[in-house]
Amino acid sequence: AQSVTQLGSHVSVSEGALVLLRCNYSSSVPPYLFWYVQYPNQGLQLLLKYTSAATLVKGINGFEAEFKKSETSFHLTKPSAHMSDAAEYFCAVESNFGNEKLTFGTGTRLTIIP
Amino acid sequence: DVKVTQSSRYLVKRTGEKVFLECVQDMDHENMFWYRQDPGLGLRLIYFSYDVKMKEKGDIPEGYSVSREKKERFSLILESASTNQTSMYLCASRAPGRTGELFFGEGSRLTVL
């Protein structure tokens, strides 16, 4: 079965610093991968997705992620953190069973230090 | 603007009560999902539905059932609530295709006393 592992349940960065949130996937076939963000007291919303069209994927709010097959990784980055980026971030992988369900990682809570 | 609406943001129930969590989407999506969110465990799939009256168990279906009588509405039912079902419940519907986006509701926080 497909799965994703998010390293680091909590990450703190200073405002203006690089944001790096890690996600590694386990898959026997090329996967479809997603990053979602959850702001406080809200549901999740899509940041970006990898669909095999390009290995570097750009999303909303200045985030991007790079698919690296050799490392089975799909890490999320942003060059300069903003206070409004404080949220919980989830990596997800599409199941290959044809029923279109996503399997989520355990999440990483991002704190921005002023 | 696309919307997934969950009927209750906060509920407090007693052990043994029957609990209904309602979810409505206005995007005409076929696929709908119920997830449970707990700290440190991320989102875990309880049930999903790929058509009216069609449902499949997710990863943690025990203690839950679902109902989908109309395409836009997907209900989660706790037949006899227990304290270990205290959690945040998230409903989602999905755009078609394997790369389709999941649209989430704001969540229903259930406390079982």
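For clarity, every value in this text was computed on a predicted model and none was experimentally measured. A note on names: the letters A, B, ... follow the listed sequences, proteins ahead of strands, and every chain is numbered from 1.
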Checklist entry - Applying a criterion of heavy atom separation less than 4.5 Å, what residues of residues 35-44 of chain B form contacts with chain A? => result B:Tyr35, B:Gln37, B:Gly40, B:Leu41, B:Gly42, B:Leu43
Consider only side-chain heavy atoms of I, L, V, M, F, W and Y, link residues closer than 4.5 Å, and tell whether [X] and [Y] are in one cluster.
X: A:Leu47; Y: A:Tyr50; value: yes
X: B:Val52; Y: B:Trp34; value: no
X: A:Met83; Y: A:Leu110; value: yes
X: A:Tyr39; Y: A:Val19; value: yes
X: B:Tyr50; Y: B:Val24; value: no

Next on the checklist: For the CG atom of A:Leu102 and the CG atom of B:Leu45, what is their distance to the nearest 0.5 Å?
Outcome noted: 9.5 Å
Checklist entry - For the atom pair CD (A:Glu94) and OG1 (B:Thr99), what is the distance rounded to the nearest 0.5 Å? => result 8.5 Å
Extract all donor-acceptor atom pairs below 3.5 Å that involve side chains of residues 106-113 of chain B and protein atoms in other chains or at least two apart in sequence.
from, atom 1, to, atom 2, distance (Å)
B:Glu106, OE1, B:Arg9, NH1, 3.0
B:Ser108, OG, B:Gln6, NE2, 3.1
B:Ser108, OG, B:Ser8, O, 2.6

Checklist outcome for this item: So the ring pair (Phe, Tyr, Trp, His ring centres under 6.0 Å) pairs with at least one residue in residues 10-34 of chain A (sequence neighbours excluded) are A:Tyr25-A:Phe67
Item to check | Heavy-atom closest contact (A:Gln38 atom, B:Leu90 atom, distance) | outcome: NE2-CD1, 4.3 Å
Item to check | Atom group of A:Glu88 that falls short of 4.5 Å from chain B, counting heavy atoms | outcome: side chain
Next on the checklist: If we define contacts as heavy-atom pairs under 4.5 Å, which of A:Leu44, A:Asn41, A:Leu46, A:Leu33 has the most with chain B?
Outcome noted: A:Leu44
Next on the checklist: Quick test of your reading: applying side chain to side chain donor-acceptor pair (under 3.5 Å), list the pairs with at least one residue in residues 69-78 of chain A, sequence neighbours left out, ordered by first then second residue.
Outcome noted: A:Lys78-A:Asp85
